[in-house]
Amino acid sequence: MQTGELTYGAAPEMVAELVSLAWSTFVGNEIGRVDDEVATTDVMCSSISIHGPWSATLLLYCQQQVATASTASVLGMDPAEVEQGDVRDIMGELANIIGGNLKGAVSDDNAAWKLSLPVVSDGMQTVPGSKLTTQLAFIGPWGLIGCQIREHE
């Protein structure tokens, strides 16, 4: 769902491609874009911010069981063996991969661009003073995955 007009950054199609590529190469499972809306309650959320001529925060979120199953896939473990710290690391790394690729897609050599460290939380994160410009949903083997781009004012 497109929710606002981008002022500089990435088109929703580009973001969808970057999320799908990161998920398939890192987690090892294909995900497909869907028109569903992903619930923002009882989720694990990872975020990363891009700063330059365009500043935005990418939020990646899913239900805990999706995050746990995805972590198990990355680590080659049974989901029952996965520890919460592992889940947080993998969710943070997914945000880092997607955010780094997004930064590379929108940046140019004429400006200084920065990428923050990823932040992972139990529960949906907020980005005060931001505007939701892109909201995407994906379906994978374990459930729905959501992605938002929130531009900084």
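- Hydrophobic cluster membership is shared by Met77 and Trp142, with clusters built from Ile, Leu, Val, Met, Phe, Trp and Tyr side chains linked at under 4.5 angstrom.
- To the nearest 0.5 Å, atoms CE (Met44) and OG1 (Thr71) are separated by 8.0 Å.
- Rounded to the nearest 0.5 angstrom, Ile97 CD1 and Leu102 CG are separated by 13.5 Å.
- Side-chain atoms of Arg33 and Val19, non-hydrogen and from C-beta on, never get closer than 4.5 Å to each other.
- Between Val127 and Gln148, the closest side-chain pair of non-hydrogen atoms is not below 4.5 Å.
- The closest donor-acceptor contact from the side chain of Ser121 to the backbone of Gly123 lies under 3.5 Å.
- Between the side chains of His152 and Thr57, at least one donor-acceptor pair of N or O atoms lies under 3.5 Å.
- What you find for Asp36 and Ala137 is that their closest heavy atoms are O-CB, 3.0 Å.
- Side-chain atoms of Ile98 and Trp23, non-hydrogen and from C-beta on, never get closer than 4.5 Å to each other.
- Within the model, atoms NZ of Lys103 and CG of Leu115 stand 6.5 Å from one another, a figure rounded to the nearest 0.5 Å.
- With hydrogens and angles left out, the side-chain atoms of Glu151 and Trp54 include a donor and acceptor closer than 3.5 Å.
- To the nearest 0.5 Å, the span separating CG on Leu18 from CD on Glu13 amounts to 11.5 Å.
- With Phe138 as the fixed residue, the side-chain contact (heavy atoms from CB on, under 4.5 Å) test singles out one of Leu144, Val34, Ile31: Ile31.
- At least one side-chain heavy atom of Met91 sits under 4.5 Å from a side-chain heavy atom of Cys62.
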(message) Applying side chain to side chain contact (heavy atoms under 4.5 Å, CB included) to Arg150 and Thr133, what does each step give before you reach the verdict?
(response) CA-CA 6 Å; Arg150 301 193 68 93; Thr133 56; over 6 Å; no
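- Side-chain contact between Tyr61 and Met124 is present, with at least one heavy-atom pair separated by less than 4.5 Å.
- Between Val87 and Ala67, the closest heavy-atom pair is CG1-CB, 3.6 Å.
- Across all their heavy atoms, Ile149 and Ala56 have their closest contact at CG2-CB, 4.0 Å.
- The side-chain heavy atoms of Val66 and Ile145, taken from C-beta on, include a pair separated by under 4.5 Å.
- With hydrogens and angles ignored, the 3.5 Å screen pairs no side-chain donor or acceptor of Ser107 with any backbone N or O of Trp113.
- The two residues Leu136 and Ala16 make their nearest non-hydrogen contact at CD1-N, 3.7 Å.
- Residue-environment remark: CD (Glu93) exceeds the threshold of 12 foreign heavy atoms within 6.0 Å.
- Counting only N and O atoms by type, the side chains of Ser47 and Gln125 include a donor and acceptor under 3.5 Å apart.
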(message) The test is side chain to side chain contact (heavy atoms under 4.5 Å, CB included); show your working for Lys114 and Ile50 and say whether it passes.
(response) CA-CA 6 Å; Lys114 295 180 183 176; Ile50 300 166; over 6 Å; no
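- Between the CG atom in Leu94 and the OG atom in Ser70 there is a gap of 7.5 Å [rounded to 0.5 Å].
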(message) Between Thr68 and Gln65, is the side chain to side chain contact (heavy atoms under 4.5 Å, CB included) condition met? List the steps.
(response) CA-CA 5 Å; Thr68 300; Gln65 71 271 11; 5.5 Å; no
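- Tested against Ile48 for a side-chain contact (heavy atoms from CB on, under 4.5 Å), the candidates Leu59, Leu117, Leu58 yield a single pass: Leu58.
- The backbone N or O of Glu30 lies less than 3.5 Å from no partner atom in the side chain of Ser24, so there is not a single donor-acceptor pair.
- Distance check, rounded to the nearest 0.5 Å: CG of Asp89 to CD of Glu83 gives 10.5 Å.
- Contact annotation: the side chain of Val43 never approaches that of Gln64 to less than 4.5 Å [non-hydrogen atoms, C-beta and beyond].
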